[in-house]
Amino acid sequence: AQSVTQLDSHVSVSEGTPVLLRCNYSSSYSPSLFWYVQHPNKGLQLLLKYTSAATLVKGINGFEAEFKKSETSFHLTKPSAHMSDAAEYFCVVTLYSGNTPLVFGKGTRLSVIA
Amino acid sequence: DTGVSQNPRHKITKRGQNVTFRCDPISEHNRLYWYRQTLGQGPEFLTYFQNEAQLEKSRLLSDRFSAERPKGSFSTLEIQRTEQGDSAMYLCASSYTGDGGEKLFFGSGTQLSVL
């Protein structure tokens with residue numbers, strides 16, 4: 001079965017420093033992978049997606065993620081954290097090849113300290 | 001309407017009662033999904049529709065749960081004989097297969113509390 005493991009339940013960074021949120025996936029085929037963000041009292045929002053094109057994927061708000069098949073990883077990064085980045089981040093894989101539904105990781109809560 | 005709308009936002013009910021939630025997707029989206037999210041966990045897939053057809057149901061969806069999308073537009077999720085373990089945030093999402101169908105737009109959810 002397809003699954004994702006988010007290696008940190010909570011990450012805390014200072015404003016202006018880099019962000020790294022780690023995700024490993026397990027899939028029996030070439031997966032589609034996503035990162036979603038959930039701000040308090042707001043709906044989940046797609047940050048970026050990987051669908052077997054370029055391995056380095058750029059998303060919204062300065063985030064990007066790199067697909068590494070050899071490491072089965074899809075880590076999310078941002079060069080400089082902003083206070084507004086504080087939220088819950090979910091790494092996501094498709095349940096079926098090339099199709100939804102989506103399987104979510106347990107999430108990583110990002111805190112940004114002023 | 002530029003987003004997925006869910007009603008009600010909050011529902012408090014007593015154990016054993018029936019509850020129904022409604023989801024209005026983005027108008028041109030033909031796929032509609034239901035997910036459930038509990039505290040500290042990621043959303044878990046429950047079921048999804050393409051137009052009015054229910055294409056997949058998770059084993060999480062017990063016999064007490066039923067979802068419909070009668071005209072391929074809005075959807076309802078009903079829980080019969082609620083249990084305390086049903087307390088969760090119920091999320092609805094929609095997507096359009098014409099652009100690949102993989103970009104899901106989520107509503108803000110219905111928070112269910114079963115007392």
Side-chain angles (χ1 to χ4, degrees), chain A residues 1-10 21 23-25 27 29-53 57 59-60 67 74 76 87-110, chain B residues 1-7 9-10 23-26 29-50 53-61 67 75 88-111:
Chain A
Q2 281 55 249
S3 66
V4 289
T5 301
Q6 293 186 244
L7 300 170
D8 307 291
S9 60
H10 183 211
L21 305 183
C23 172
N24 288 114
Y25 70 90
S27 177
Y29 54 85
S30 295
S32 293
L33 292 159
F34 310 78
W35 277 95
Y36 276 79
V37 61
Q38 188 174 37
H39 286 93
N41 301 316
K42 291 190 177 180
L44 284 152
Q45 181 183 21
L46 178 66
L47 270 181
L48 50 81
K49 67 175 182 178
Y50 165 77
T51 53
S52 74
V57 182
I60 61 172
F67 174 74
F74 190 58
L76 181 71
E88 191 85 18
Y89 292 80
F90 295 97
C91 183
V92 184
V93 67
T94 47
L95 187 59
Y96 305 120
S97 176
N99 202 354
T100 51
L102 305 179
V103 177
F104 284 74
K106 292 187 176 183
T108 298
R109 182 163 61 90
L110 176 65
Chain B
D1 184 7
T2 57
V4 178
S5 176
Q6 292 188 246
N7 288 288
R9 291 293 305 275
H10 303 274
C23 172
D24 288 273
I26 294 172
H29 285 186
N30 53 349
R31 281 195 177 165
L32 186 148
Y33 305 79
W34 285 100
Y35 282 80
R36 180 173 67 187
Q37 185 177 19
T38 53
L39 199 63
Q41 300 294 319
E44 296 174 300
F45 168 72
L46 294 178
T47 187
Y48 88 101
F49 295 82
Q50 180 153 322
Q54 190 172 17
L55 297 187
E56 182 75 23
K57 292 197 312 184
S58 163
R59 62 180 181 275
L60 293 174
L61 212 64
S75 174
M89 176 74 81
Y90 289 84
L91 298 169
C92 177
S94 68
S95 70
Y96 176 55
T97 52
D99 65 5
E102 291 180 323
K103 184 174 181 179
L104 269 61
F105 292 79
F106 282 84
S108 296
T110 295
Q111 181 67 53

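Chain letters run A, B, ... following the sequence lines, proteins first and then strands; every chain starts at 1.
- The two residues B/S108 and A/G43 come nearest to each other via the heavy atoms OG-N, 4.0 Å.
- Pairing each heavy atom of B/P43 with each of A/F90, the nearest pair is CD-CE2, 4.0 Å.
- Separation of atoms CG (A/L102) and OH (B/Y33) is listed at 7.0 Å; rounding is to 0.5 Å.
- Sparse packing is recorded around CG of B/L39, with 12 or fewer heavy atoms of other residues, nucleotides or ligands lying under 6.0 Å away.
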A/F104 and B/F45: CA distance, side-chain angles, deciding distance, ring-ring contact (aromatic ring centres under 6.0 Å, His included) verdict
CA-CA 9 Å; A/F104 284 74; B/F45 168 72; over 10 Å; no

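- For B/F106 and A/Y36, the gap between ring centers is short of 6.0 Å.
- Only the side chain of A/L46 comes within less than 4.5 Å of a heavy atom in chain B; its backbone stays farther off.
- Residues that satisfy the side-chain hydrogen bond (donor to acceptor under 3.5 Å, both in side chains) test with B/E44, not counting sequence neighbours, are absent from this structure.
- With sequence neighbours excluded, the residues satisfying ring-ring contact (aromatic ring centres under 6.0 Å, His included) with A/Y89 are A/F63.
- For A/E88, no part sits under 4.5 Å from any heavy atom of chain B, backbone or side chain.
- Of the atoms belonging to B/Q111, not a single heavy atom falls under 4.5 Å from chain A.
- Proximity to chain A (any heavy atom under 4.5 Å) is restricted, for B/L91, to the side chain, taken from C-beta onward.
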